[in-house]
Amino acid sequence: MPQIDDMTQLTPTANLTTIENTFTQYSTSLDSFAPRLLDWFAENGRHDLPWQQHQTDAPNPYIVWLSEVMLQQTQVTTVLPYFARFMASFPTVQDLAAAKWDKVAEHWAGLGYYARARNLHKGAKQLVEVIDETGDFPQTLAGWEAISGVGPSTAGAIMAMGLHRYGVICDGNVKRVLTRWAAIDGDITKSATTKELWALAERLTPIENSGLFAQAMMDMGATLCTRSKPACLLCPLQEDCLAHEQGRETDYPVKAKKQPKPSKFSNALLIEDIDGKILWLQRPDNGIWGGLWSLPLQFVEKIAGKMNTKTAAEKTTEIDDTSLKVTSNEKVYEAEFTTAEQIINEWLDKHKLTAKAVSKTLLDDAPIKHSLTHFHWYLTPQSLILNAEQITEITEALEAAQININWLNAVDAQATLGLPRAMVKILE
DNA sequence: GTCCAGGCTT
DNA sequence: AAGCCTGGAC
C-alpha cells in the first residue's frame with residue numbers, strides 16, 4: 001500500500017491536491033468516506049451473492065476470480081445462472097484447466113466478449129501451474145495480473161475479496177461514484193483521468209477491510225449511484241458529493257463522444273444435407289465470436305457510419321431510402337472473410353450454386369439486426385440444400401484447410417456447441 | 001426501435 | 001486507440 005505522501009506523486013497534475021483543497025476540512029471528507037460507505041453496506045448492501053467470500057475466514061480465490069471475470073462488462077443478474085453452471089461443471093480451477101475448450105465455450109455461450117472465456121481457460125492452466133509450483137494461488141497483485149484476462153481492477157478485487165489481503169478496485173462503478181463525489185470533469189477514457197481516479201480510489205480504500213470496501217463500492221454503483229436516476233436521498237456520501245451539490249449527478253462520468261457506427265451486411269448460410277443437418281464452422285480465435293461456432297457468413301457490404309453533420313438534402317434521401325442501400329456520403333469498404341468462408345464461397349462459385357432466401361412468409365424477409373460495439377450487423381439467413389456427393393466435397397475441402405467443422409441440426413447445435421446470440425436468433 | 005455500459009488485450 | 005458482445009434503460 002503506497003503511503004499518502006506517495007499518492008501525490010502518482011497524480012500527474014495537482015488532482016488530489018485540488019480535491020483536498022475543495023473541502024475546508026478535506027481530511028474529514030476523505031477519511032470518513034470509507035466508514036460511511038461501510039456502515040451503509042452493512043445495513044443495505046447485498047450479502048447473499050453466491051461468490052461473496054467476506055463472511056468466511058477461508059476465502060476461495062477460484063470463486064472470486066471466476067466471478068470477477070464473468071462480471072467484467074456483465075451485470076450480476078446475467079452472470080448468476082452462468083456462474084452456477086460453471087461451478088457445477090468445474091468446481092475447482094483444476095477441473096476448469098483440464099476441460100476441453102469446446103466445453104468451456106459451450107458454458108460461456110451467450111455471455112458475450114468471448115475473449116474472456118479464452119483467457120479464463122488459459123488462466124486456469126496458468127493458475128494450476130502456479131499452484132503446482134508454489135502450493136497455492138498467487139498471493140500478490142503482480143502474480144494475479146500475470147494471469148490472462150486479469151487486469152489491474154480484477155487483480156485488486158481478487159486480492160481484497162478472494163485472499164482477504166489489501167486490494168484496490170477501480171472499475172466502472174467506482175469511476176462513476178468517484179467522478180460524481182469529487183466532480184471530476186476529465187474524460188474517463190483518457191489515461192490521465194484513469195490515473196487520477198486510481199489515486200483517489202487508493203487514497204479512499206481502508207487498509208483494513210479493503211474487501212468489504214470493494215464490495216460496498218460496487219454495490220453503491222450498482223444500486224444507488226446508478227447511471228440514470230441515482231438515489232441520492234439514500235446515499236451515505238450525499239453530504240459532500242460535489243456533483244449532487246451542483247445538481248449535476250448525471251453529467252458524470254464524462255466520456256468522449258461516440259463515433260458513428262458503420263453497418264455491415266452479411267448472408268448467414270444454412271448449408272444443409274437432406275436430413276436437415278447444418279454446416280457449422282468454428283471461428284478463428286481473433287475477431288468476432290473468437291473460438292465459437294457460427295454459420296458460414298457471406299460478406300455483402302459495409303457502409304460507413306452516418307455522419308453527424310448531414311445536410312437537409314442528404315437527410316431527405318435517407319428517409320426516402322427504405323431499402324438499406326448506400327447513400328451518397330457513405331463509403332464502401334473491402335470485403336471481410338475468414339479462410340473457411342473463402343473456401344466455401346469459392347466452392348459455391350465453382351459449382352454455380354446460390355443460396356436462397358429463407359422466409360416463412362413473403363413479408364418475413366427482413367435481416368436480423370445485431371448491434372455490436374463498433375458496428376451494426378444485418379444478417380440475412382440464406383438456405384442451400386446439398387446432395388451427399390456435394391456434402392463430401394465441401395467437407396473435404398474444409399478439413400484439408402484444418403478448419404473445425406460440424407454437421408448438426410438446429411436443436412443439436414444449440415445444445416452442444418457454443419453458439420453466440422446472433423446464431424440463436426437466426427435459428428429461431 | 002436506439003443508446004449505452006463495461007475491463008482487458010493487442 | 002481500437003476491438004470485442006449482450007442486455008437493460010428509455
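Hydrogens, waters and symmetry mates play no part in the numbers below; they use all other heavy atoms, side chains included. Residue numbers begin at 1 in each chain, while the letters A, B, ... track the order of the sequences.
When rounded to the nearest whole Å, the span between CD1 of A/Ile147 and C1' of B/dC8 equals 14 Å. In this structure, A/His121 atom NE2 and B/dT9 atom P are separated by 17 Å, rounded to whole Å. The distance from atom CD of A/Gln75 to atom P of C/dG7 is 11 Å, rounded to the nearest whole Å. Spacing between atom CD1 of A/Ile188 and atom P of B/dC4 amounts to 13 Å, rounded to whole angstrom units. To the nearest angstrom, P of C/dT6 lies 12 Å from CH2 of A/Trp108. One atom, CG of A/Asp285, and another, C1' of B/dC8, lie 16 Å apart when rounded to the nearest Å. For A/Trp144 and B/dC8, the CH2 to P distance is 13 Å, given to the nearest whole Å. Between A/Leu80 atom CG and C/dG7 atom C1' there is a gap of 14 Å when expressed in whole angstrom units.
Phosphate contact (OP1/OP2 of C/dT6, side-chain N/O of A/His370, threshold under 4.0 Å): present. A close approach under 4.0 Å does occur between a side-chain nitrogen or oxygen of A/Thr154 and OP1 or OP2 of B/dC8. Contact annotation: A/Arg116 side-chain N/O to B/dC8 OP1/OP2 distance is not under 4.0 Å. Between B/dG6 and A/Arg176, a contact under 4.0 Å exists linking OP1 or OP2 to a side-chain N or O. The shortest distance between the side-chain N/O atoms of A/Lys425 and the OP1/OP2 oxygens of C/dT6 is not below 4.0 Å. For A/Tyr114, a side-chain nitrogen or oxygen approaches OP1 or OP2 of C/dT6 to under 4.0 Å. Phosphate contact (OP1/OP2 of B/dA5, side-chain N/O of A/Lys255, threshold under 4.0 Å): present. Between A/Trp377 and the phosphate of C/dT6, there is no side-chain N or O to OP1/OP2 separation shorter than 4.0 Å. Checking the phosphate oxygens (OP1, OP2) of C/dC10, a side-chain nitrogen or oxygen of A/Ser228 falls inside 4.0 Å.
Mapped onto DNA chain C by nearest heavy atom, A/Arg227 and A/Gln73 fall at different nucleotides, with A/Gln73 at the one closer to the 5' end. Nearest-nucleotide assignment on DNA chain C puts the 5′-proximal partner with A/Lys190, out of A/Asn286 and A/Lys190.
In this structure, A/Thr189 reaches neither bases nor backbone, as no heavy-atom distance under 4.0 Å exists between it and the strands shown. Nucleic acid contact for A/Ile288: sugar-phosphate only, since backbone atoms but no base atoms lie under 4.0 Å from a heavy atom of the residue. A/Thr373 comes within 4.0 angstrom of a nucleotide base, judged by non-hydrogen atoms across all strands. Within the 4.0 angstrom heavy-atom criterion, no nucleotide atom of any strand lies near A/Val69.
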Would you please test A/Asn60 and A/Gln53 for side-chain hydrogen bond (donor to acceptor under 3.5 Å, both in side chains) and show each step? CA-CA 7 Å; A/Asn60 185 338; A/Gln53 302 286 309; 5.7 Å; no
A/Gln72 and A/Tyr113: side-chain contact (heavy atoms from CB on, under 4.5 Å), yes or no, with the steps? CA-CA 9 Å; A/Gln72 289 166 5; A/Tyr113 285 120; over 6 Å; no
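For NZ of A/Lys122, the number of neighbouring non-hydrogen atoms (other residues, nucleotides, ligands) closer than 6.0 Å is 12 at most. A 6.0 Å sphere centred on CD of A/Glu43 holds no more than 12 heavy atoms belonging to other residues, nucleotides or ligands.
The nucleotide whose nearest atom lies closest to any side-chain atom of A/Lys261 is, among C/dC10, B/dC4, B/dG7, B/dC4. Side-chain proximity of A/Gln72 to B/dG6, C/dT6, B/dG7: nearest is B/dG7.
Rounded to the nearest 0.5 Å, atoms CG (A/Asn267) and CD (A/Glu341) are 11.0 Å apart. Note that the CG atom of A/Asp171 and the CZ atom of A/Arg176 stand 8.5 Å from one another [nearest 0.5 Å].
No hydrogens or angles were tested; on distance alone, nothing pairs the side chain of A/Tyr113 with the base of B/dG7 as donor and acceptor under 3.5 Å.
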